[in-house]
Amino acid sequence: MAVNAGTLYVVATPIGNLQDLTPRALEVLRSVKLIAAEDTRHSARLLQHFGVTTQTTACHDHNERDKSARLIERMLAGDDMALISDAGTPLISDPGYHLVRQAREAGIRVCPLPGACALIAALSAAGLPSDRFAFEGFLPAKAHGRRQRIQGLANEPRTWMVYEAPHRLMECLDDMLAVLGPERQIVLARELTKTFETIKGAALGELVEWVRNDSDQQRGECVLVVEGMPAPTEDQGIGSEAERILDVLLGDLPVKQAAALAAQITGVKKNRLYQLALEKTAHQG
Ligand code: SAM
């Protein structure tokens with residue numbers, strides 16, 4: 001540790017409801033010499049609300065690498081500093097990684113102040129397995145990249161989560177439906193901690209129609225929490241006969257129909273057959 005250096009506090013701020021700023025966060029924001037904020041004008045509203053008059057400086061994706069060196073110098077000279085983003089926990093799909101890394105390399109103490117984080121809030125209320133989970137950040141904005149990423153997650157056994165921008169929600173859900181099939185459970189967590197908070201869980205096919213038919217659901221900030229691929233159990237196992245039937249049907253039918261028909265004939269879960277059919281057809285190129 002650098003002797004006499006200040007501390008870098010990584011401070012979570014609210015994701016909607018201002019009451020979610022912790023008393024400890026407020027104390028630190030008031031006492032540090034400088035607050036490095038993703039967008040100083042955006043954070044000014046929060047700071048004004050709480051009567052925090054500490055000086056702020058911009059530290060965002062475009063200047064973070066260069067800015068970090070100067071901030072590190074000040075901390076090495078003894079100044080305490082806080083890092084905040086526009087909302088929630090810094091570094092979680094937000095800037096801060098370079099600053100934290102450089103601070104640690106310089107021997108500066110980095111102290112996290114936990115608080116609001118959209119993905120953890122969504123997971124805590126989703127009702128999907130939460131003992132192990134994966135966070136994928138934002139999916140690629142372009143359709144091809146997005147589908148590829150979803151395809152890569154199709155067999156992920158843990159619950160997985162993504163952040164999505166409202167104007168891409170419908171496209172993203174349509175791609176999930178095409179790749180994961182209609183049976184996969186999904187939870188849409190919208191406008192968390194705000195007036196129109198909505199947490200809706202359903203099978204993917206049902207949720208897509210619900211969102212499509214209610215444009216209000218396509219607005220605001222959201223997290224998608226997706227059920228992991230259930231592990232095959234003895235009675236869910238596909239078995240060679242069911243696989244043979246699926247192969248025959250895939251010779252003449254599209255993936256979805258082949259899987260549905262094979263499920264009817266064999267009694268194996270449609271979802272499992274659908275995933276297997278997708279894998280088989282993907283390998284065919
Ligand atoms: N650092 C933030 C955190 O700790 O959650 C995330 C920042 S990221 C740039 C913004 C994304 O987080 C939004 O597009 C949305 O997916 C999610 N998000 C932020 N606030 C939210 C809220 N109140 N309800 C639902 N999702 C939210």
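Given the structure is predicted, the values throughout are model-derived calculations rather than measurements. Just follow the structure's listing: the first ligand is 1, and inside any ligand the first atom is 1.
Taking every heavy atom of Glu164 and a limit of under 4.0 angstrom, the matching atoms of ligand 1 come to 14 (O), 16 (O). Near Cys117, with a cut-off below 4.0 Å to any heavy atom, the atoms of ligand 1 are 4 (O), 5 (O). Those atoms of ligand 1 that come under 4.0 Å of a heavy atom in Lys194, given as number and element, are 23 (N).
What sits closest to atom 15 (C) of ligand 1 on the protein, heavy atoms only, is Cys222 O, 3.4 Å. Considering only non-hydrogen protein atoms, atom 25 (C) of ligand 1 sits nearest to Glu221 O, 3.3 Å. Leu192 N, 3.6 Å is the protein heavy atom nearest to atom 22 (C) of ligand 1. In terms of protein heavy-atom proximity, atom 9 (C) of ligand 1 is nearest to Ser93 O, 3.2 Å. The shortest contact between atom 18 (N) of ligand 1 and any protein heavy atom is with Ala118 CB, 3.5 Å. When only non-hydrogen protein atoms are considered, atom 3 (C) of ligand 1 lies nearest to Tyr163 OH, 3.5 Å. Summary of contacts: the protein heavy atom closest to atom 10 (C) of ligand 1 is Phe138 CZ, 4.0 Å.
At a heavy-atom distance under 4.0 Å, only backbone atoms of Ala87 (N, CA, C or O) approach ligand 1. At a 4.0 Å heavy-atom cut-off, ligand 1 touches Ala189 through the backbone alone. When heavy-atom distances to ligand 1 are checked against a 4.0 Å cut-off, Glu191 comes that close only through its backbone atoms N, CA, C and O. Contacts between Ala122 and ligand 1 below 4.0 angstrom, taking non-hydrogen atoms only, are absent altogether. Under 4.0 Å from ligand 1, the heavy atoms of Asp94 that appear belong solely to its side chain.
Annotation for Arg146 and Pro140: closest pair CB-O, 3.5 Å, computed over non-hydrogen atoms. Between Val110 and Ala103, the closest heavy-atom pair is CG2-CB, 4.0 Å.
The neighbour count for Lys270 NZ, taken as heavy atoms of other residues, nucleotides or ligands under 6.0 Å away, does not exceed 12. Counting heavy-atom neighbours within 6.0 Å of Lys200 NZ, excluding the residue itself, gives a total above 12. Counting non-hydrogen atoms of other residues, nucleotides and ligands closer than 6.0 Å to CD of Glu105 gives a total above 12. Heavy atoms of other residues, nucleotides or ligands lying less than 6.0 angstrom from CZ of Arg212 number more than 12. A 6.0 Å sphere centred on CD of Glu27 holds no more than 12 heavy atoms belonging to other residues, nucleotides or ligands.
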Worked check of side-chain contact (heavy atoms from CB on, under 4.5 Å) between Leu192 and Ile199: CA-CA 8 Å; Leu192 293 169; Ile199 302 171; 3.9 Å; yes
For the pair Thr40 and Thr57, evaluate side-chain contact (heavy atoms from CB on, under 4.5 Å) and give the outcome as yes or no after the intermediate values. CA-CA 6 Å; Thr40 50; Thr57 187; 5.6 Å; no
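The shortest N or O to N or O distance between Ala165 and ligand 1 is not under 3.5 Å. Not a single N or O atom of Gly88, backbone or side chain, sits closer than 3.5 Å to an N or O atom of ligand 1. Here's the thing with Ser85: none of its N/O atoms is less than 3.5 angstrom from an N/O atom of ligand 1. Ligand 1 has no N or O atom lying under 3.5 Å from any N or O atom of Thr193, backbone or side chain. For ligand 1, the polar-atom distance check finds an N/O of Thr89 within less than 3.5 Å of one of the ligand's N/O atoms.
Side-chain contact between Thr89 and Asp94: absent, with no pair of heavy atoms (C-beta onward) separated by less than 4.5 Å.
Each of Arg158, Glu156, Arg184 was compared with Met229 under the side chain to side chain contact (heavy atoms under 4.5 Å, CB included) criterion, and only Arg184 meets it.
A donor-acceptor pair under 3.5 Å is formed between the side chain of Thr193 and the backbone N or O of Asn17.
For Asp216 and Arg219, the salt-bridge test passes: some basic side-chain N is under 4.0 Å from an acidic carboxylate O.
Ligand 1 is approached by Val223 to a heavy-atom distance shorter than 4.0 Å.
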